[in-house]
Enquirer: 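One structure, as structure tokens, below. Some questions next.
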There are 2 protein chains.
Amino acid sequence: MLYRRIAADLKRGVATGEFGERSRFPSENELAARYGASRGTIRRAFAMLREEGVLASRQGARRVVVGSQVQDFTELRSFSAWARSTGSTPDARLVGFERRPALADEAAALDVAKGDPVWLMTRVRLLDGRAVMVERTAFPDGIGSLLTDDDARAGSVTTILESRGITFDRAEHALSAMAATAADARLLGVRPGRPLLRTVRRTTDPSGAAVEYSDDRYLGDVVSFSVVNSVSANPLSRRTH
Amino acid sequence: MLYRRIAADLKRGVATGEFGERSRFPSENELAARYGASRGTIRRAFAMLREEGVLASRQGARRVVVGSQVQDFTELRSFSAWARSTGSTPDARLVGFERRPALADEAAALDVAKGDPVWLMTRVRLLDGRAVMVERTAFPDGIGSLLTDDDARAGSVTTILESRGITFDRAEHALSAMAATAADARLLGVRPGRPLLRTVRRTTDPSGAAVEYSDDRYLGDVVSFSVVNSVSANPLSRRTH
DNA sequence: GAGTGGTCTAGACCACTTG
DNA sequence: AAGTGGTCTAGACCACTCT
């Protein structure tokens, strides 16, 4: 756990400006001495910062700070956590929450047979009182049945599930643009055809089992998603439809 | 370089189906013996596969294959390389290529002063003869002047720049949705207002210097971008406008 | 030439999963 | 209880950058 503490400490240093953008970072040996850790542990911490796009390195030269804004994994999946981290007030309006047979795409994403029961939750998400996103989330039966209608009406289903022992470990997001359907338009209070940013997300737990599958549609002018991407770490990909 | 060879070899094993999706992976000790490497080197190879979203791991249990489609970094920045990897034929129609003073956003992204000369290249990109994207790329003066009009007319400017010694190391992409402007609509042959997937990309070389800044707008129903994302590796983030 | 990051090894102990 | 991944150490050699 030492390398995590060190990484967090260094990240804090970047965030507070102790290590400014473009500035040269302390060397591995220097930090090893400062933290009383081996060089390997320092490098492990650096690997985290590199994956997150904070540091860049070249053989022979000191590391350089290349980015300072970082987002937590929870904030990425949870609309509520994300909104609060930006200083906005999130809210949710429950449109529907029902148990019904899985459609083909839901079944495939959740690894159940077509027609097996799944839970479908439809909500409109608000930012400071303004409707900005329509969320349609499917849960496997075992997970959806942990949730009540009141849970779905509360803001963060993510937090509730985590408090009930569900662990989120990994997510695949597919981002595309689409025109608002009649239903989307009605829920968001805009005209049909309005550009929406669509993200289809499949989230799994540490064993690789699916825990949710969600189709979220944001007003195009409200949010953007950003990705950092390098020769060595390369999580983004592009697909034709 | 050993760990890269091992990672590539294992990735090939996943791609060919030797290690199927969801299947348990060989243990670290087993692979260390097989490749004649230390456990640390095997773990280094595993780290690459994890970053790319191929493997998931839990303490105490064997690793599991969780994803098998992987994309090369070049294919992500280069429309041409990407198109060819999917079996489509890419093309480019040059709309404009000029040297002119940088606007505020271009200057900020390329780390030059506002008004300093930059090169701006505007192209329509085609997939199997169909216009699918408008690309507006700004280059710093030193890089843009390596390119001729003929280069800009040729498909892959990325490849040309790499052959002239420019190294691409890292990119930040911001993805959002927007309505086609009048100019976009004319270039793409669609109606204004049509939903477009917009990606604004800033690419840097290994020292962190900006090499290009591009605003690409795809027809919304043609491509999607996908991102893999986990508790430990977390390159995606979300922003309000 | 000194400093720095990149790679690799060998061994240790721990926490967790699995049979 | 055995196997497996997670963490950490100490030391080595190399390739590259810097001044």
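All figures in this text were calculated on a predicted structure; none of them were measured in a lab. Scope of the values below: all heavy atoms of this structure, side chains included, with no hydrogens, waters or symmetry mates. Just so we're on the same page: letters track the sequence lines, and every chain starts at 1.
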Enquirer: Quick test of your reading of the model: are B:Arg202 and B:Asp111 salt-bridged, counting only N-O distances below 4.0 Å?
Expert: yes
Enquirer: Students often get this wrong, so: under 4.0 angstrom with heavy atoms, is A:Arg63 touching a base, only sugar-phosphate, or nothing?
Expert: sugar-phosphate
Enquirer: Run the numbers on B:Asp9 and B:Arg5 for salt bridge (Lys or Arg N to Asp or Glu O under 4.0 Å), then give the verdict.
Expert: CA-CA 6 Å; B:Asp9 197 48; B:Arg5 288 217 320 272; over 6 Å; no
Enquirer: The criterion is side chain to side chain donor-acceptor pair (under 3.5 Å); which residues satisfy it with A:Thr159, sequence neighbours excluded?
Expert: A:Ser156
Enquirer: Working to the nearest 0.5 Å, report the span between CZ of B:Arg12 and CZ of B:Phe19.
Expert: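 Going from CZ on B:Arg12 over to CZ on B:Phe19, the span is 11.0 Å.
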Enquirer: If you take any heavy atom closer than 4.0 Å to DNA chain D, which residues from residues 26-39 of chain A end up in contact?
Expert: A:Gly36, A:Ala37, A:Ser38, A:Arg39
Enquirer: Less than 3.5 Å apart, any donor N or O on the side chain of A:Arg99 or A:Ser145 sitting next to an acceptor on the other?
Expert: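 Per modelled atom types, A:Arg99 and A:Ser145 side chains form no pair under 3.5 Å.
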Enquirer: Using a cut-off of 4.0 Å on non-hydrogen atoms, how would the nucleic acid contact of A:Arg43 be classed: base, sugar-phosphate, or nothing?
Expert: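 If one applies the 4.0 Å heavy-atom cut-off, A:Arg43 turns out to touch a base.
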Enquirer: Is there a ring pair (Phe, Tyr, Trp, His ring centres under 6.0 Å) between A:Phe46 and A:Phe25 once you walk through the steps?
Expert: CA-CA 11 Å; A:Phe46 276 149; A:Phe25 223 69; 5.8 Å; yes
Enquirer: Decide whether B:Ser214 and B:Asp216 meet the rule of one side-chain donor and one side-chain acceptor closer than 3.5 Å.
Expert: yes
Enquirer: If you assign B:Ser57 and A:Gly40 each to the DNA chain D nucleotide with the nearest heavy atom, which residue ends up on the more 5' nucleotide?
Expert: B:Ser57
Enquirer: For DNA chain C, which nucleotides open and close the run of contacts to chain A, 5' to 3', at under 4.0 angstrom from a non-hydrogen atom?
Expert: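 Listed 5' to 3', the contact boundaries are C:dG3 to C:dT7.
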Enquirer: Check this for me: does any side-chain nitrogen of one of A:Glu106 and A:Lys114 sit under 4.0 Å from a carboxylate oxygen of the other?
Expert: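 So A:Glu106 does not pair with A:Lys114 through a salt bridge.
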Enquirer: Categorize B:Tyr3 for me: base, sugar-phosphate, or nothing, with a 4.0 angstrom heavy-atom threshold over every strand shown.
Expert: sugar-phosphate
